[in-house]
Amino acid sequence: MKCPFCGFSESKVVDSRPAEEGATIRRRRECLQCQKRFTTYEIMERLPLIVVKKDGSRQTFDKQKLVNGILRACEKRPVAIADIQMVADEIEQELQNSLEREIRTTEVGEMVMSRLKSLDEVAYVRFASVYRQFRDINTFMDELNKLLSEDSKLK
């Protein structure tokens, strides 16, 4: 790390602490030549995730789009914003941990639905109706019947 004052390439770390809720590390350094102090930040490099849409187009993963979709499904439902954020965080973390850099929207949708099913069944059906593009009442009823049969198996 070059000193911003004199350009010398060697410094020592005087203090190191987590910053931004542990997402970065703040380091106070001292130049070994001019003895001036400066701050550096170390961040974890995240490789961009690419989402492959149904039409084959690609775009970078946007967590806010994910949150917005879940919010729409949970509208007027007793679901806390913190729970929605937690679902989005879990999905993003799972995607980052996978070795795949490209993920299909269908996989992301299935991840959302599996979490919404346990969070709020009405939100799950709302999301599924848009995601699976229910064309008529029969496909909608099929999904509801699956949900009801799963509930009866759990009881």
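Here the structure is a predicted model, which means the values were calculated and not measured. Residue numbers count from 1 along this sequence.
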Next item on the list: Starting from the C-alpha separation in whole Å, work towards a yes-or-no answer on side chain to side chain contact (heavy atoms under 4.5 Å, CB included) for Ile103 and Phe61.
Entry: CA-CA 9 Å; Ile103 184 104; Phe61 174 79; 5.6 Å; no
Check: Okay, side chain of Gln35, backbone of Leu32: is any donor-acceptor separation there less than 3.5 Å?
Finding: yes
Item checked: Contacts of type salt bridge (charged side-chain N to carboxylate O under 4.0 Å, His left out), residue Glu100, not counting sequence neighbours -> none
Checklist line | Residue pair Cys31 / Phe8: nearest heavy atoms and the distance that separates them | finding: SG-CB, 3.9 Å
Note to self: To the nearest 0.5 Å, what is the distance between OG1 on Thr106 and CE on Met113?
What the structure shows: 10.0 Å
Next item on the list: First locate atom CD1 of Ile25, then atom OH of Tyr41, and finally report the distance between them rounded to the nearest 0.5 Å.
Entry: 12.5 Å
Margin query: Could you see if Ile43 belongs to whatever hydrophobic cluster contains Val13? Use Ile, Leu, Val, Met, Phe, Trp, Tyr and a side-chain cutoff under 4.5 Å.
Written below: no
Note to self: Just verifying a value: how many Å separate Leu71 CG and Gln85 CD, rounded to the nearest 0.5 Å?
What the structure shows: 9.0 Å
Margin query: Going by salt bridge (charged side-chain N to carboxylate O under 4.0 Å, His left out), name the residues that satisfy it together with Glu10, two or more places apart in sequence or in a different chain.
Written below: none
Item checked: Pairs involving residues 66-81, ordered by first then second residue, that meet side-chain hydrogen bond (donor to acceptor under 3.5 Å, both in side chains) (sequence neighbours left out) -> Gln64-Asn68, Arg77-Asp120
Next item on the list: Evaluate side chain to side chain contact (heavy atoms under 4.5 Å, CB included) for Met111 paired with Leu95, printing each intermediate quantity in order.
Entry: CA-CA 10 Å; Met111 294 167 83; Leu95 293 173; 3.9 Å; yes
Please tabulate, for the side chains in residues 48-55, all donor-acceptor contacts under 3.5 angstrom to protein atoms that are two or more places apart in sequence or on a different chain.
{"unit_1": "Asp55", "atom_1": "OD1", "unit_2": "Ser57", "atom_2": "N", "d": "2.9"}
{"unit_1": "Asp55", "atom_1": "OD1", "unit_2": "Ser57", "atom_2": "OG", "d": "2.7"}

Item checked: For Leu116 against Cys74, the heavy-atom pair lying closest together -> CD2-SG, 3.9 Å
Next item on the list: Identify the two heavy atoms, one from Phe38 and one from Arg28, that lie closest to each other, and give their separation to 0.1 Å.
Entry: C-NH1, 3.4 Å
Note to self: For the residue pair Thr39 / Arg29, report whether a side-chain donor-acceptor contact shorter than 3.5 Å exists.
What the structure shows: no
Next item on the list: Scan residues 82-97 for pairs that pass salt bridge (Lys or Arg N to Asp or Glu O under 4.0 Å), counting only residues two or more places apart or in two chains.
Entry: Lys63-Asp89, Lys63-Glu92, Glu90-Arg115, Glu94-Arg115
Next item on the list: With Val79 as reference, evaluate Ile84, Val122, Val87 under the side-chain contact (heavy atoms from CB on, under 4.5 Å) test and give the passing residue.
Entry: Ile84
Item checked: Under the salt bridge (charged side-chain N to carboxylate O under 4.0 Å, His left out) test, residues paired with Arg37 that sit two or more places apart -> Glu30
Notebook entry, point to check: Do other residues, nucleotides or ligands put more than 12 heavy atoms under 6.0 Å from Arg26 CZ?
Noted result: yes
Note to self: Let me confirm one number: the CE-OG1 distance from Met1 to Thr40, rounded to the nearest 0.5 Å.
What the structure shows: 5.0 Å
Checklist line | For Cys34 against Phe5, the heavy-atom pair lying closest together | finding: SG-CB, 4.3 Å
